[in-house]
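Below is one structure; the comments refer to it alone.
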Number of protein chains: 2
Amino acid sequence: MMDESCPGKVEPILEILDSKWMLLLLFELFNGTKRFGELRRKLQPISPKTLTDRLRLLEEKGIVTRTLYPGVPLHVEYELTESGQGLQPIFAAMWTWTQQFGESLQERMDDRRMAP
Amino acid sequence: MMDESCPGKVEPILEILDSKWMLLLLFELFNGTKRFGELRRKLQPISPKTLTDRLRLLEEKGIVTRTLYPGVPLHVEYELTESGQGLQPIFAAMWTWTQQFGESLQERMDDRRMAP
DNA sequence: TGCATTAGTTTCAAAAAATGAACTATGGGA
DNA sequence: TCCCATAGTTCATTTTTTGAAACTAATGCA
(Lines give C-alpha, C1' and ligand atoms only; values in the text may rest on other atoms or scores of the structure.)
Protein backbone atom coordinates (compact mmCIF):
# COMPACT_ATOMS: atom_id res chain seq x y z
CA MET A 1 0.00 0.00 0.00
CA MET A 2 2.81 2.38 0.86
CA ASP A 3 4.48 1.63 -2.44
CA GLU A 4 6.34 3.78 -4.92
CA SER A 5 3.25 5.17 -6.59
CA CYS A 6 1.78 6.39 -3.36
CA PRO A 7 3.11 9.97 -3.24
CA GLY A 8 1.40 10.81 -6.49
CA LYS A 9 -1.85 9.45 -5.16
CA VAL A 10 -1.76 11.43 -1.97
CA GLU A 11 -0.52 14.73 -3.31
CA PRO A 12 -3.79 15.83 -4.92
CA ILE A 13 -5.37 15.93 -1.52
CA LEU A 14 -2.49 17.88 -0.04
CA GLU A 15 -3.03 20.49 -2.73
CA ILE A 16 -6.42 20.98 -1.19
CA LEU A 17 -5.51 20.92 2.47
CA ASP A 18 -2.29 22.86 2.14
CA SER A 19 -3.47 26.41 1.86
CA LYS A 20 -3.93 28.86 4.67
CA TRP A 21 -7.38 28.88 6.30
CA MET A 22 -8.43 25.64 4.63
CA LEU A 23 -8.38 23.53 7.75
CA LEU A 24 -10.34 26.02 9.79
CA LEU A 25 -12.80 26.37 6.95
CA LEU A 26 -13.36 22.64 6.71
CA PHE A 27 -13.86 22.41 10.44
CA GLU A 28 -16.57 25.02 10.28
CA LEU A 29 -18.28 23.07 7.55
CA PHE A 30 -18.06 19.82 9.50
CA ASN A 31 -20.38 21.52 11.95
CA GLY A 32 -23.03 21.97 9.29
CA THR A 33 -24.12 24.17 6.41
CA LYS A 34 -22.83 27.71 6.58
CA ARG A 35 -23.42 30.99 4.77
CA PHE A 36 -20.66 33.12 3.30
CA GLY A 37 -20.94 35.89 5.87
CA GLU A 38 -21.08 33.39 8.69
CA LEU A 39 -17.84 31.77 7.56
CA ARG A 40 -16.29 35.16 7.13
CA ARG A 41 -17.10 36.12 10.71
CA LYS A 42 -15.91 32.83 12.16
CA LEU A 43 -12.62 32.92 10.28
CA GLN A 44 -11.85 36.56 11.03
CA PRO A 45 -9.65 38.20 9.90
CA ILE A 46 -9.76 36.31 6.62
CA SER A 47 -10.25 38.54 3.58
CA PRO A 48 -13.31 37.95 1.40
CA LYS A 49 -11.03 37.30 -1.54
CA THR A 50 -9.21 34.52 0.20
CA LEU A 51 -12.44 33.01 1.48
CA THR A 52 -13.87 33.04 -2.03
CA ASP A 53 -10.69 31.47 -3.39
CA ARG A 54 -10.87 28.65 -0.87
CA LEU A 55 -14.55 28.00 -1.39
CA ARG A 56 -14.12 27.93 -5.17
CA LEU A 57 -11.34 25.41 -4.87
CA LEU A 58 -13.46 23.17 -2.66
CA GLU A 59 -16.30 23.54 -5.12
CA GLU A 60 -14.10 22.62 -8.09
CA LYS A 61 -12.91 19.56 -6.27
CA GLY A 62 -16.42 18.47 -5.42
CA ILE A 63 -15.93 18.85 -1.69
CA VAL A 64 -18.60 21.48 -1.08
CA THR A 65 -21.75 22.53 -2.87
CA ARG A 66 -22.84 26.12 -3.23
CA THR A 67 -26.55 26.83 -3.20
CA LEU A 68 -27.92 30.23 -4.09
CA TYR A 69 -31.12 31.38 -2.43
CA PRO A 70 -32.64 34.26 -4.39
CA GLY A 71 -34.64 36.95 -2.62
CA VAL A 72 -33.71 40.14 -0.89
CA PRO A 73 -31.18 40.01 0.38
CA LEU A 74 -29.99 36.95 -1.49
CA HIS A 75 -27.92 34.42 0.35
CA VAL A 76 -25.70 31.47 -0.35
CA GLU A 77 -25.13 28.27 1.55
CA TYR A 78 -22.07 26.05 1.52
CA GLU A 79 -22.35 22.42 2.48
CA LEU A 80 -19.97 19.45 2.48
CA THR A 81 -20.59 16.76 -0.10
CA GLU A 82 -20.09 13.09 0.57
CA SER A 83 -16.44 13.35 -0.34
CA GLY A 84 -16.16 16.35 1.96
CA GLN A 85 -17.54 14.35 4.85
CA GLY A 86 -15.12 11.63 3.83
CA LEU A 87 -12.21 13.83 4.90
CA GLN A 88 -12.99 13.26 8.55
CA PRO A 89 -10.79 10.17 9.02
CA ILE A 90 -7.79 12.17 7.86
CA PHE A 91 -8.39 14.79 10.51
CA ALA A 92 -9.02 12.06 13.02
CA ALA A 93 -5.63 10.54 12.24
CA MET A 94 -3.99 13.93 12.64
CA TRP A 95 -5.73 14.36 15.93
CA THR A 96 -4.51 10.97 17.12
CA TRP A 97 -0.95 11.75 16.09
CA THR A 98 -1.08 15.03 17.96
CA GLN A 99 -2.34 13.23 21.05
CA GLN A 100 0.51 10.75 20.85
CA PHE A 101 3.38 12.93 19.76
CA GLY A 102 2.29 16.54 20.05
CA GLU A 103 4.11 16.98 23.34
CA SER A 104 7.43 16.52 21.63
CA LEU A 105 6.80 19.30 19.12
CA GLN A 106 8.64 22.01 21.02
CA GLU A 107 11.61 23.32 19.15
CA ARG A 108 14.80 21.56 20.07
CA MET A 109 17.92 20.65 18.16
CA ASP A 110 19.58 18.88 21.03
CA ASP A 111 19.69 15.39 19.58
CA ARG A 112 21.97 15.94 16.64
CA ARG A 113 24.31 13.05 16.75
CA MET A 114 27.52 11.58 15.49
CA ALA A 115 27.92 8.03 14.41
CA PRO A 116 29.37 5.86 17.17
CA MET B 1 -13.67 14.57 19.42
CA MET B 2 -14.37 16.87 16.50
CA ASP B 3 -15.12 19.68 18.91
CA GLU B 4 -14.35 23.39 18.85
CA SER B 5 -10.82 23.02 20.11
CA CYS B 6 -9.84 20.58 17.41
CA PRO B 7 -8.53 22.93 14.72
CA GLY B 8 -5.88 24.26 17.04
CA LYS B 9 -4.76 20.77 17.85
CA VAL B 10 -4.46 19.67 14.28
CA GLU B 11 -2.85 22.76 12.84
CA PRO B 12 0.64 22.15 14.22
CA ILE B 13 0.88 19.06 12.10
CA LEU B 14 -0.34 20.87 9.02
CA GLU B 15 2.48 23.33 9.48
CA ILE B 16 4.78 20.39 8.98
CA LEU B 17 3.04 18.68 6.10
CA ASP B 18 2.04 21.83 4.27
CA SER B 19 5.22 22.85 2.59
CA LYS B 20 6.30 21.94 -0.88
CA TRP B 21 8.31 18.69 -1.20
CA MET B 22 7.50 17.61 2.34
CA LEU B 23 5.25 14.75 1.37
CA LEU B 24 7.65 13.36 -1.17
CA LEU B 25 10.45 13.68 1.33
CA LEU B 26 8.56 11.80 4.01
CA PHE B 27 7.70 9.05 1.56
CA GLU B 28 11.34 8.59 0.75
CA LEU B 29 12.12 8.30 4.43
CA PHE B 30 9.35 5.78 5.01
CA ASN B 31 11.38 3.53 2.75
CA GLY B 32 14.34 3.68 5.11
CA THR B 33 17.33 5.75 6.10
CA LYS B 34 18.59 8.06 3.40
CA ARG B 35 21.59 10.29 2.79
CA PHE B 36 21.39 13.93 1.78
CA GLY B 37 22.57 13.41 -1.76
CA GLU B 38 20.29 10.43 -2.19
CA LEU B 39 17.27 12.50 -1.20
CA ARG B 40 18.41 15.29 -3.45
CA ARG B 41 18.58 12.97 -6.44
CA LYS B 42 15.22 11.38 -5.73
CA LEU B 43 13.47 14.71 -5.29
CA GLN B 44 14.97 16.35 -8.36
CA PRO B 45 14.79 19.23 -9.14
CA ILE B 46 14.64 20.35 -5.53
CA SER B 47 17.30 22.89 -4.58
CA PRO B 48 19.75 21.95 -1.84
CA LYS B 49 18.61 24.93 0.20
CA THR B 50 14.99 23.83 0.17
CA LEU B 51 15.97 20.27 1.02
CA THR B 52 18.03 21.52 3.95
CA ASP B 53 15.15 23.73 5.12
CA ARG B 54 12.76 20.78 5.10
CA LEU B 55 15.13 18.45 6.86
CA ARG B 56 15.86 21.05 9.53
CA LEU B 57 12.16 21.52 10.17
CA LEU B 58 11.64 17.78 10.53
CA GLU B 59 14.63 17.65 12.84
CA GLU B 60 13.30 20.49 15.01
CA LYS B 61 9.99 18.75 15.31
CA GLY B 62 11.58 15.50 16.29
CA ILE B 63 10.42 13.66 13.19
CA VAL B 64 13.82 12.75 11.81
CA THR B 65 17.25 12.31 13.26
CA ARG B 66 20.43 13.41 11.55
CA THR B 67 23.54 11.35 12.04
CA LEU B 68 26.93 12.55 10.88
CA TYR B 69 29.48 9.97 9.76
CA PRO B 70 32.94 11.52 9.74
CA GLY B 71 35.54 10.32 7.27
CA VAL B 72 36.38 11.29 3.75
CA PRO B 73 34.13 12.08 2.24
CA LEU B 74 31.90 12.63 5.25
CA HIS B 75 28.29 11.67 4.97
CA VAL B 76 25.03 12.19 6.79
CA GLU B 77 22.04 9.95 7.29
CA TYR B 78 18.47 10.94 7.93
CA GLU B 79 16.08 8.55 9.61
CA LEU B 80 12.51 8.75 10.87
CA THR B 81 11.98 8.74 14.61
CA GLU B 82 9.09 7.01 16.33
CA SER B 83 6.89 10.05 15.84
CA GLY B 84 7.92 10.15 12.19
CA GLN B 85 6.84 6.56 11.74
CA GLY B 86 3.67 7.54 13.54
CA LEU B 87 2.66 9.72 10.61
CA GLN B 88 1.83 6.67 8.52
CA PRO B 89 -1.84 6.44 9.53
CA ILE B 90 -2.40 9.97 8.28
CA PHE B 91 -1.04 9.10 4.88
CA ALA B 92 -3.01 5.90 4.95
CA ALA B 93 -6.21 7.88 5.53
CA MET B 94 -5.32 10.19 2.64
CA TRP B 95 -4.70 7.20 0.48
CA THR B 96 -8.05 5.72 1.39
CA TRP B 97 -9.83 8.98 0.64
CA THR B 98 -8.13 9.19 -2.73
CA GLN B 99 -9.22 5.64 -3.50
CA GLN B 100 -12.80 6.47 -2.62
CA PHE B 101 -13.16 9.97 -4.01
CA GLY B 102 -10.12 10.69 -6.14
CA GLU B 103 -12.02 9.98 -9.34
CA SER B 104 -14.23 12.98 -8.74
CA LEU B 105 -11.32 15.37 -8.45
CA GLN B 106 -11.40 16.51 -12.07
CA GLU B 107 -12.17 20.19 -12.42
CA ARG B 108 -15.84 20.82 -12.89
CA MET B 109 -18.15 23.61 -11.84
CA ASP B 110 -21.25 22.06 -13.32
CA ASP B 111 -23.15 21.43 -10.14
CA ARG B 112 -23.67 24.98 -8.97
CA ARG B 113 -27.23 25.09 -7.94
CA MET B 114 -30.20 27.26 -7.03
CA ALA B 115 -32.44 26.59 -4.12
CA PRO B 116 -35.64 24.80 -5.20
C1' DT C 1 -34.74 58.49 -4.88
C1' DG C 2 -31.44 56.43 -2.31
C1' DC C 3 -30.31 53.33 1.61
C1' DA C 4 -29.70 48.66 3.46
C1' DT C 5 -28.14 43.88 3.13
C1' DT C 6 -25.83 39.82 1.12
C1' DA C 7 -22.22 38.04 -1.57
C1' DG C 8 -19.09 38.65 -3.78
C1' DT C 9 -15.13 40.97 -7.62
C1' DT C 10 -11.24 43.89 -8.94
C1' DT C 11 -6.94 45.96 -8.60
C1' DC C 12 -2.79 46.70 -6.76
C1' DA C 13 0.59 46.25 -3.00
C1' DA C 14 2.96 43.46 0.51
C1' DA C 15 4.69 39.38 2.42
C1' DA C 16 6.25 34.76 2.21
C1' DA C 17 8.22 30.91 -0.11
C1' DA C 18 11.06 28.81 -3.51
C1' DT C 19 14.87 28.93 -6.62
C1' DG C 20 19.59 29.40 -8.87
C1' DA C 21 24.28 30.16 -8.91
C1' DA C 22 28.19 30.33 -6.69
C1' DC C 23 30.70 29.45 -2.62
C1' DT C 24 32.61 26.83 1.96
C1' DA C 25 34.73 22.94 4.62
C1' DT C 26 36.99 18.52 5.05
C1' DG C 27 40.88 15.58 4.09
C1' DG C 28 42.75 11.56 1.39
C1' DG C 29 45.02 10.51 -2.92
C1' DA C 30 47.26 11.42 -7.72
C1' DT D 1 49.63 21.17 -5.04
C1' DC D 2 45.26 20.57 -6.80
C1' DC D 3 41.28 17.60 -7.40
C1' DC D 4 37.51 14.70 -5.83
C1' DA D 5 33.30 13.81 -3.29
C1' DT D 6 30.14 14.86 0.44
C1' DA D 7 27.00 18.12 2.58
C1' DG D 8 25.80 21.82 3.00
C1' DT D 9 25.51 27.78 3.16
C1' DT D 10 24.82 32.51 1.29
C1' DC D 11 22.67 35.96 -1.14
C1' DA D 12 20.09 37.95 -4.73
C1' DT D 13 16.09 37.10 -7.61
C1' DT D 14 11.78 35.21 -8.99
C1' DT D 15 7.43 33.20 -8.09
C1' DT D 16 3.51 32.44 -5.35
C1' DT D 17 0.34 33.73 -1.80
C1' DT D 18 -2.03 36.73 0.84
C1' DG D 19 -4.14 40.92 1.97
C1' DA D 20 -6.52 45.70 2.02
C1' DA D 21 -9.48 48.90 0.03
C1' DA D 22 -12.79 50.08 -2.84
C1' DC D 23 -16.23 48.74 -5.96
C1' DT D 24 -20.45 45.88 -8.17
C1' DA D 25 -25.13 43.66 -8.44
C1' DA D 26 -29.78 42.65 -6.97
C1' DT D 27 -33.95 44.52 -5.02
C1' DG D 28 -37.39 45.52 -1.29
C1' DC D 29 -38.52 49.44 1.47
C1' DA D 30 -38.81 54.23 3.71
Side-chain angles (χ1 to χ4, degrees), chain A residues 7 11-12 14-26 28-29 32-61 64-79 109 111-115, chain B residues 7 11-12 14-26 28-29 32-61 64-79 109 111-115:
Chain A
E11 275 206 291
L14 264 265
E15 282 171 31
I16 298 168
L17 300 181
D18 259 15
S19 36
K20 196 170 170 182
W21 302 110
M22 193 59 102
L23 259 192
L24 248 39
L25 176 53
L26 287 168
E28 288 302 330
L29 293 169
T33 300
K34 292 275 185 309
R35 295 170 53 163
F36 185 87
E38 229 177 322
L39 292 168
R40 191 177 172 181
R41 277 188 298 278
K42 299 251 192 186
L43 301 194
Q44 261 172 346
I46 196 174
S47 71
K49 176 181 179 301
T50 305
L51 182 53
T52 305
D53 289 351
R54 293 302 166 279
L55 288 166
R56 290 293 171 278
L57 179 63
L58 293 177
E59 224 187 322
E60 279 171 17
K61 302 297 183 183
V64 301
T65 54
R66 174 188 185 273
T67 307
L68 173 65
Y69 291 82
V72 174
L74 60 77
H75 77 271
V76 172
E77 293 192 347
Y78 291 93
E79 186 173 16
M109 291 280 278
D111 54 358
R112 255 186 175 199
R113 61 194 186 187
M114 294 274 277
Chain B
E11 276 203 293
L14 264 266
E15 281 169 32
I16 298 168
L17 301 181
D18 260 16
S19 37
K20 195 169 172 184
W21 300 110
M22 193 58 103
L23 259 194
L24 247 40
L25 175 54
L26 286 168
E28 288 301 331
L29 293 170
T33 299
K34 293 274 185 310
R35 296 170 52 163
F36 185 87
E38 229 176 324
L39 292 169
R40 188 177 174 182
R41 277 188 298 280
K42 299 251 191 183
L43 302 193
Q44 263 174 342
I46 196 174
S47 71
K49 176 179 182 303
T50 305
L51 181 53
T52 305
D53 288 351
R54 293 301 164 278
L55 288 167
R56 290 294 172 278
L57 179 63
L58 293 178
E59 223 187 323
E60 279 172 14
K61 301 297 180 183
V64 300
T65 54
R66 174 186 184 276
T67 307
L68 173 66
Y69 292 80
V72 175
L74 61 78
H75 77 271
V76 172
E77 293 193 345
Y78 291 93
E79 185 172 18
M109 292 281 278
D111 54 359
R112 260 194 168 188
R113 62 192 186 189
M114 295 275 277

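Quick note on labels: first sequence line is chain A, next is B, and so on, each numbered from 1. As a basis for the values below, the full set of heavy atoms in this structure was taken, side chains included, without hydrogen atoms, waters or symmetry mates.
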* Asked: Over how many whole Å does the gap from B:L51 atom CG to D:dT6 atom P extend?
  -> 14 Å
* Structure fact -> One should read off an interatomic distance between B:I46 CD1 and B:L24 CG, to the nearest 0.5 angstrom, of 8.5 Å
* Given D:dT15, is OP1 or OP2 found less than 4.0 Å from the side-chain N or O atoms of B:K20? -> no
* Asked: Roughly, in whole Å, what's the span from CG in B:L17 to P in C:dA17?
  -> 15 Å
* Can you check the B:R54 CZ to D:dG8 C1' distance for me, whole Å? -> 16 Å
* Asked: For D:dT18, does OP1 or OP2 lie under 4.0 Å from any side-chain N or O of A:S47?
  -> no
* To do: Describe, in one word, how the ring planes of A:H75 and A:Y69 are oriented to each other, choosing from parallel (under 30°), tilted (30 to 60°) and perpendicular (over 60°).
  => parallel
* **A:S47 (side chain) donor-acceptor with A:T50 (main chain) under 3.5 angstrom** => yes
* **Spacing between A:M114 atom CE and C:dT26 atom C1', to the nearest angstrom** => 12 Å
* **Nucleotide D:dT17, atom P - distance to CD1 of A:I46 in whole Å** => 15 Å
* Structure fact -> B:I16 atom CD1 is separated from C:dA17 atom C1', nearest whole Å, by 18 Å
Check nucleotides 5-13 of chain C for protein N or O atoms closer than 3.5 Å to its own N or O atoms and list the pairs.
unit_1, atom_1, unit_2, atom_2, d
C:dT6, O3', A:R35, NH2, 3.4
C:dT6, O3', A:L74, O, 3.4
C:dA7, OP1, A:R35, NE, 3.4
C:dA7, OP1, A:V76, N, 3.1
C:dA7, OP2, A:G37, N, 3.0
C:dG8, OP1, A:R56, NH2, 3.3
C:dG8, OP1, A:R66, NE, 3.3
C:dG8, OP1, A:R66, NH2, 2.8
C:dG8, OP2, A:Y78, OH, 2.8

* Using a strict cut-off of less than 4.0 Å between a Lys/Arg side-chain nitrogen and an Asp/Glu carboxylate oxygen, indicate whether B:R56 and B:E59 qualify as a salt bridge. => yes
* Asked: Tell me: CE of A:M22 to P of D:dT17, nearest whole Å?
  -> 12 Å
* **Reported CZ-to-CZ distance for the pair B:R66 and A:R113, which is rounded to 0.5 angstrom** => 11.5 Å
* Asked: B:D18 CG to C:dA18 C1': how many Å, rounded?
  -> 15 Å
* Spacing of A:E28 atom CD and A:L39 atom CG [to the nearest 0.5 Å] -> 6.5 Å
